[in-house]
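Notes to accompany the following structure.
In what follows, residues are counted from 1 in the order of the sequence shown.
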Amino acid sequence: MKPGKIIKLQNIDESRGNLTVAQGGRDFPFQIARAYWISNVPEGDTRGGHAHRRLVEYVIAVKGSFSVTLDNGSEKATYRLSRPDEALLIDRCVWCRLDGFSADAVCLALASEPFDEDDYIHDYNEFLKLTSE
């Protein structure tokens, strides 16, 4: 099955501007334990390059655009994110790489777990072993 799934977030468009809402437990199947964002990525650089054992997260292009390539060990899928009212699911044990950042891109991540270095899988071969078990 193709990794990743884009969900549509509630967006209220009015003359004073747009308001987009994301609520843990309602829009996402978990309470948000951590939020972080990535910005000012130099042209041509990549982010990610890892998977998580337990953490599940959604990434959102709150400004600009970028690509997310997901790999579940048997299938890969690439998504181009450019809308602040769309969130891409990155499930546990899915290898993730972000690239193709526009100069103004801001990537917001909403995660199910607090930071834990032991949750990260940085070695792609180790990831492939885990996903084939």
Side-chain angles (χ1 to χ4, degrees):
M1 186 164 135
K2 182 171 119 172
K5 177 184 177 188
I6 292 182
I7 62 166
K8 203 76 161 126
L9 299 172
Q10 179 185 11
N11 187 57
I12 302 163
D13 184 10
E14 36 180 68
S15 62
R16 300 178 298 154
N18 293 349
L19 171 69
T20 303
V21 178
Q23 296 184 65
R26 188 190 89 181
D27 299 304
F28 308 130
F30 55 82
Q31 291 300 319
I32 299 165
R34 178 169 60 122
Y36 63 93
W37 47 96
I38 300 166
S39 60
N40 300 316
V41 178
E43 184 178 344
D45 276 8
T46 63
R47 300 292 309 220
H50 61 264
H52 292 278
R53 290 176 171 80
R54 294 176 307 278
L55 182 136
V56 176
E57 65 187 336
Y58 282 86
V59 294
I60 303 164
V62 294
K63 186 174 183 188
S65 62
F66 54 89
S67 293
V68 182
T69 300
L70 302 178
D71 176 351
N72 63 12
S74 59
E75 286 192 65
K76 293 182 182 181
T78 300
Y79 300 86
R80 185 77 183 164
L81 299 181
S82 62
R83 298 180 50 101
D85 62 346
E86 292 181 343
L88 174 64
L89 169 67
I90 303 173
D91 212 342
R92 61 185 54 85
C93 291
V94 171
W95 193 266
C96 174
R97 188 186 81 239
L98 292 82
D99 61 12
F101 288 87
S102 64
D104 62 343
V106 178
C107 169
L108 171 65
L110 302 172
S112 65
E113 306 286 329
F115 176 79
D116 178 2
E117 182 60 38
D118 292 336
D119 185 51
Y120 283 74
I121 306 166
H122 292 288
D123 181 271
Y124 187 71
N125 290 325
E126 178 187 349
F127 162 74
L128 289 176
K129 277 176 64 173
L130 286 171
T131 58
S132 67
E133 294 175 349

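The salt bridge (charged side-chain N to carboxylate O under 4.0 Å, His left out) test applied to Asp116 returns Arg54, not counting sequence neighbours. For Asp85, the salt bridge (charged side-chain N to carboxylate O under 4.0 Å, His left out) criterion is met by Lys8, Arg83, not counting sequence neighbours. The side-chain contact (heavy atoms from CB on, under 4.5 Å) search around Ala87 returns Ile7, Leu9, Phe28, Tyr58, Ile60, not counting sequence neighbours. Residues that satisfy the salt bridge (charged side-chain N to carboxylate O under 4.0 Å, His left out) test with Arg16, not counting sequence neighbours, are Glu14. Here Ser112 pairs with nothing under the side chain to side chain donor-acceptor pair (under 3.5 Å) rule; sequence neighbours left out. For the side-chain contact (heavy atoms from CB on, under 4.5 Å) test, residues two or more places apart in sequence or in another chain that qualify with Ala77 are Lys2, Pro3, Tyr79. For Asp27, the salt bridge (charged side-chain N to carboxylate O under 4.0 Å, His left out) criterion is met by no residue, not counting sequence neighbours. With sequence neighbours excluded, the residues forming a side-chain contact (heavy atoms from CB on, under 4.5 Å) with Lys76 are Asp71, Tyr124, listed by chain and number.
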Just distance, no hydrogens or angles: give the donor-acceptor pairs under 3.5 Å from side chains in residues 93-104, sequence neighbours left out.
unit_1: Arg97; atom_1: NE; unit_2: Asp99; atom_2: OD2; d: 3.3
unit_1: Arg97; atom_1: NH2; unit_2: Asp99; atom_2: OD2; d: 3.1
unit_1: Ser102; atom_1: OG; unit_2: Ser65; atom_2: N; d: 2.9
unit_1: Ser102; atom_1: OG; unit_2: Ser65; atom_2: O; d: 3.4
unit_1: Ser102; atom_1: OG; unit_2: Asp104; atom_2: OD1; d: 2.7

Let me check something: any side-chain donor-acceptor pairs from residues 17-26 under 3.5 Å, sequence neighbours excluded? List them with distances.
unit_1: Thr20; atom_1: OG1; unit_2: Asn11; atom_2: OD1; d: 2.8
unit_1: Arg26; atom_1: NH2; unit_2: Gln10; atom_2: OE1; d: 3.4

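For the atom pair Lys129 NZ and Ile121 CD1, the distance stands at 12.0 Å (nearest 0.5 Å). We find the CZ-OG1 distance between Arg80 and Thr69 to be 10.5 Å, quoted to the nearest 0.5 Å. The line from CD of Glu126 to NE2 of His50 is 13.0 Å long, rounded to the nearest 0.5 Å. Taking CD1 from Ile90 and NE2 from His52, the interatomic distance works out to 8.0 Å, rounded to the nearest 0.5 Å.
One hydrophobic cluster, built from ILVMFWY side chains closer than 4.5 Å, holds both Leu89 and Leu110. Hydrophobic clustering (ILVMFWY, side-chain heavy atoms < 4.5 Å, transitive): Ile32 and Val62 are in one cluster.
Think of Tyr120 as one node in a network of Ile, Leu, Val, Met, Phe, Trp and Tyr side chains linked at under 4.5 Å; its network also takes in Phe115.
When all heavy atoms are compared, the tightest approach of Arg92 to Val56 is NH2-CG2, 3.4 Å. Scanning all heavy atoms of the two residues, the minimum distance from Ala109 to Val59 falls at CB-CG1, 4.1 Å. For the residue pair Leu128 and Gly73, the shortest heavy atom distance occurs at CD2-CA, 4.1 Å.
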> Do Phe127 and Asn125 pass the side-chain contact (heavy atoms from CB on, under 4.5 Å) test, and can you show the C-alpha distance, the side-chain angles, and the key distance before you say yes or no?
Replying inline: CA-CA 5 Å; Phe127 162 74; Asn125 290 325; over 6 Å; no
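Side-chain contact check for Asn72 versus Thr131: every heavy-atom pair is 4.5 Å or farther apart.
No option in Leu81, Val41, Val106 other than Leu81 meets the side-chain contact (heavy atoms from CB on, under 4.5 Å) test with Phe66.
Among pairs with a residue in residues 33-47, those fulfilling side chain to side chain donor-acceptor pair (under 3.5 Å) read Tyr36-Glu57, at least two apart in sequence or across chains.
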